[in-house]
Q: 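Dropping a structure here in structure tokens format, bear with me for questions.
We count ligands from 1, going down the list as the structure has it; atoms in each ligand are counted the same way. Sequence positions, counted from 1, serve as the residue numbers for this chain.
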Amino acid sequence: MTVLSTRKFIKFIFRKIHLRNKMKVIPLDTEGKIQMPVIGLGTWRAKPEEVQNAVLAALENGYKHIDTAFNYNNEDAIGEALQRFYASGKGKREDLFITTKLPHVGNRPSEAEKFLKMSMEKLQVSYLDLYLIHMPFSFFYNGSDYTPLQNEDGSFQLDTNNDIVGTWKVLEEQVKKGTIKAIGLSNFNAEQIQRIYDAAEIKPSVLQIEVHAYCQQRELTELCKKLNITVTAYSPLGSPGANNHFSSKYNYSLDNFPDILGHPVVKEISENHGKSTGQVLLRHHLQHGITVIPKSSNSERIKQNIDVFDFELSEEEMEKLDSLDKGEEGRIFDFKFFKGAENHPEYPFKNRL
Ligand SMILES: NC(=O)c1ccc[n+]([C@@H]2O[C@H](COP(=O)([O-])OP(=O)(O)OC[C@H]3O[C@@H](n4cnc5c(N)ncnc54)[C@H](OP(=O)(O)O)[C@@H]3O)[C@@H](O)[C@H]2O)c1
């Protein structure tokens with residue numbers, strides 16, 4: 001090896017290590033005590049039996065961050081997987097970052113603590129790293145199984161008196177008690193984020209929203225940058241399979257459901273790097289400083305989705321991916337599959353009305 005190529009090689013290795021170290025976690029507080037891994041395992045639609053294997057496969061492959069929700073009905077199974085992980089001696093609770101969410105049915109000041117405690121019990125944790133208000137609107141629920149109550153025409157029974165600032169205050173108390181390390185929002189619009197931010201003693205740390213190549217949410221991500229809120233992209237791969245779920249569960253479907261993983265521009269860039277289209281899509285968000293929580297129950301894809309620290313998209317490639325944005329047209333989740341949700345005063349997507 002010549003001196004020049006040795007230098008080049010060292011530079012290459014150094015760059016790889018630098019990229020790896022630079023990008024793996026993001027601090028959520030000014031002292032850097034709360035570090036959120038920039039990639040987490042998504043678990044929506046992962047059934048209890050499959051989610052256990054997925055979580056264990058993820059933890060085996062270097063994931064530290066698991067994203068779930070009361071609504072996903074898999075917190076029990078995730079709790080079991082975590083117990084198996086600790087028992088294996090491969091890691092402790094403190095090594096992990098666990099996120100769950102206050103459901104629409106529990107989104108009111110009088111019940112937020114109860115739902116938080118139920119989630120923690122299922123997950124078998126004594127604290128949560130991050131707790132998000134899942135969505136700003138709320139429904140009344142069936143007392144026996146916490147499913148939303150529906151009217152005869154199938155529409156959901158709206159709790160129009162919910163008070164999102166009041167709910168936020170309850171979560172702040174839980175942070176003070178040490179039950180939760182960080183709190184945040186999901187599916188809130190700019191006005192709602194600003195309303196919480198202005199009233200908050202403990203500011204939101206994270207906003208989890210739909211972000212993928214077709215729905216890049218520039219306005220909200222700019223606002224979050226200004227307010228020092230970390231953005232997490234849900235459905236970063238375009239959520240293949242979501243439409244089948246919407247139609248089988250809610251008899252609701254979107255026309256022209258996107259296939260972002262198959263887009264020719266994404267394919268071309270993936271060929272340039274010898275990476276999969278999924279890895280390119282995740283890398284695009286990470287390079288914009290947006291954290292990602294891709295869901296997979298397949299061990300190969302779980303491995304692949306975190307193996308994104310050894311390549312970098314060029315400026316030109318970033319621009320090409322940026323230009324795939326369709327804005328509001330690209331949105332998959334407008335929550336209209338919850339029939340009547342759009343009539344709630346806190347329904348966040350006013351431009352869909
Ligand atoms: N806050 C909210 O309201 C909200 C809403 C939606 C989602 N989320 C969270 O965000 C997570 C991710 O979103 P999502 O589940 O909607 O969609 P996603 O992560 O964009 O896509 C998941 C789908 O892509 C497949 N997949 C995973 N990796 C792949 C790869 N490398 N190549 C090709 N296909 C791949 C998965 O199938 P396999 O399992 O077969 O690999 C699964 O069907 C959720 O799981 C959930 O934790 C939050």
Q: Can you confirm, on distance only, whether ligand 1 has an N/O atom lying under 3.5 Å from any N/O atom belonging to G278?
A: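 There is no such contact.
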Q: Between I293, L41, L261, flag the one that comes closest to atom 9 (C) of ligand 1 by a heavy atom.
A: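 That would be I293.
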Q: Check this for me: does any side-chain nitrogen of one of D67 and K295 sit under 4.0 Å from a carboxylate oxygen of the other?
A: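 Looking at D67 and K295, the cut-off is not met.
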Q: With atoms numbered from 1 as shown, which atoms in ligand 1 lie under 4.0 angstrom from a non-hydrogen atom of H134?
A: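 This gives 1 (N), 2 (C), 3 (O) as the contact atoms.
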Q: Can you see whether Y131 has K101 sitting over its ring - NZ or CZ less than 6.0 Å from the centre and within 45° of the normal?
A: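 Checked: cation-pi criterion not met.
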Q: Do you know which two heavy atoms are closest between V266 and I260, and how far apart they sit?
A: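 Shortest heavy-atom separation between V266 and I260 comes out as CG2-O, 3.7 Å.
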Q: Heavy-atom contacts under 4.0 Å between S239 and ligand 1: side chain, backbone, both, or neither?
A: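 The answer is both.
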Q: Using heavy atoms and a threshold below 4.0 Å, how should the contact between R301 and ligand 1 be classified: side chain, backbone, both, or neither?
A: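 The part of R301 near ligand 1 is the side chain, not the backbone.
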Q: Considering heavy atoms of the protein only, find what lies nearest to atom 2 (C) of ligand 1 and give residue, atom and distance to 0.1 Å.
A: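 Ranked first by proximity to atom 2 (C) of ligand 1 is Y234 CE2, 3.3 Å.
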Q: Suppose we measure from atom 15 (O) of ligand 1 to each protein heavy atom; which comes out shortest, and what is that distance?
A: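 For this ligand atom, the closest protein heavy atom is K295 CB, 3.3 Å.
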Q: Using a 4.0 Å heavy-atom cut-off, which part of T68 comes near ligand 1: side chain, backbone, both, or neither?
A: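 It is neither part, as no heavy atom is under 4.0 Å.
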Q: What protein heavy atom sits nearest atom 28 (N) of ligand 1, and how far off is it?
A: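 For atom 28 (N) of ligand 1, the nearest protein heavy atom is N305 ND2, 2.9 Å.
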Q: In the protein, what heavy atom is nearest to atom 20 (O) of ligand 1, and what distance, to one decimal place, separates them?
A: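 Looking only at protein heavy atoms, the one closest to atom 20 (O) of ligand 1 is L237 N, 2.8 Å.
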Q: Can you list the ligand 1 atoms lying under 4.0 Å from a non-hydrogen atom of Q208?
A: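 Within the 4.0 Å cut-off of Q208, ligand 1 contributes 1 (N), 2 (C), 4 (C), 8 (N), 9 (C), 48 (C).
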Q: Any side-chain heavy atom of L237 sitting closer than 4.5 Å to one from L282?
A: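 SC-SC contact between L237 and L282 confirmed.
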Q: Cation-pi check for F97 against K64: NZ or CZ below 6.0 Å from the six-membered ring centre and within 45 degrees of the axis, yes or no?
A: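 Here K64 fails the 6.0 Å and 45° test against F97.
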Q: Between N298 and S296, is there a side-chain donor-acceptor contact under 3.5 Å, judged purely by atom types and distance?
A: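 Looking only at side-chain atoms, N298 and S296 do not form any donor-acceptor pair under 3.5 Å.
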Q: Should the proximity of P236 to ligand 1, defined as any heavy atom under 4.0 Å, be assigned to the side chain, the backbone, both, or neither?
A: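 Both the backbone and the side chain of P236 come within reach of ligand 1.
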Q: Which ligand 1 atoms are under 4.0 Å away from a heavy-atom of G238?
A: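 Answer for ligand 1: 20 (O).
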Q: Determine whether more than 12 heavy atoms belonging to other residues, nucleotides or ligands lie under 6.0 Å from atom CD of E315.
A: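 12 or below, so no.
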Q: Tell me whether the guanidinium CZ or amine NZ of R93 lies under 6.0 angstrom from the six-membered ring centre of F85 and within 45° of its axis.
A: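 No - R93 does not lie over the ring of F85 by the 6.0 Å and 45° rule.
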Q: Looking at the rings of F246 and F257, which for Trp means the six-membered one, are their centres under 6.0 Å apart?
A: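 No, ring centres 6.0 Å or more apart.
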Q: Quick one: look up the protein heavy atom nearest atom 47 (O) of ligand 1 and list residue, atom name and how far away it is.
A: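 Result: D67 OD2, 2.7 Å.
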Q: Using 30° and 60° as the class limits, which term best fits the ring planes of F139 and F156: parallel, tilted or perpendicular?
A: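 It falls in the tilted class, 30° to 60°.
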Q: Could you check atom 44 (C) of ligand 1 against the protein and tell me its nearest heavy-atom contact, residue, atom and distance included?
A: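 It is W44 CB, 3.5 Å.
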Q: Any N/O of P240 closer than 3.5 Å to an N/O of ligand 1?
A: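 Checking ligand 1 against P240, an N or O pair does fall under 3.5 Å apart.
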Q: Backbone, side chain, both or neither: what part of I209 comes under 4.0 angstrom of ligand 1, heavy atoms only?
A: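 It is neither part, as no heavy atom is under 4.0 Å.
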Q: May I ask you to check whether S276 has an N/O atom sitting below 3.5 Å from an N/O atom of ligand 1?
A: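 N/O-N/O distance below 3.5 Å does not exist for this pair.
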Q: Can you find a non-hydrogen atom of S297 under 4.0 Å from ligand 1?
A: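 Judged by the 4.0 Å heavy-atom criterion, S297 does count as contacting ligand 1.
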Q: Below 4.0 angstrom from a heavy atom of P294, which ligand 1 atoms are there? Numbered from 1 as shown, please.
A: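 It comes down to these atoms of ligand 1: 19 (O).
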Q: What do you reckon, does G241 put a non-hydrogen atom under 4.0 Å from ligand 1?
A: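 Heavy atoms of G241 never come under 4.0 Å of ligand 1.
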Q: Applying a heavy-atom cut-off of 4.0 Å, say which part of R45 lies close to ligand 1: side chain, backbone, both or neither.
A: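 The side chain, only.
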Q: Check this for me: does any side-chain nitrogen of one of D325 and R218 sit under 4.0 Å from a carboxylate oxygen of the other?
A: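 R218 and D325: salt-bridged.
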Q: Select the closest option to atom 48 (C) of ligand 1 among F333, Y72, F335, judged by heavy-atom distance.
A: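 Among F333, Y72, F335, the closest heavy atom to atom 48 (C) of ligand 1 belongs to Y72.
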Q: Among protein heavy atoms, which sits nearest to atom 13 (O) of ligand 1, and what does the distance come to when rounded to 0.1 Å?
A: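 Its nearest protein heavy-atom neighbour is S235 N, 2.9 Å.
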Q: Could you check whether K320 pairs with E317 (Lys NZ or Arg NE/NH1/NH2 to Asp/Glu carboxylate O, under 4.0 Å)?
A: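 No, K320 and E317 are not salt-bridged.
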Q: Looking at E191 and K350, is there a salt bridge between them, counting it only when a charged N and a carboxylate O are closer than 4.0 Å?
A: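 Salt bridge flag = no for E191 with K350.
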Q: Could you walk me through whether Q287 and R283 pass the side chain to side chain donor-acceptor pair (under 3.5 Å) test, one step at a time?
A: CA-CA 6 Å; Q287 283 186 214; R283 186 74 212 179; 2.8 Å; yes
Q: Relative to the ring of H344, is the ring of F137 parallel (under 30°), tilted (30 to 60°) or perpendicular (over 60°)?
A: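 Because their plane-to-plane angle lies in the 30° to 60° range, the rings of F137 and H344 count as tilted.
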Q: Starting from atom 3 (O) of ligand 1, locate the nearest protein heavy atom and write down its residue, its atom name and how far away it is, to 0.1 Å.
A: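 Protein heavy atom at minimum distance: N187 ND2, 2.8 Å.
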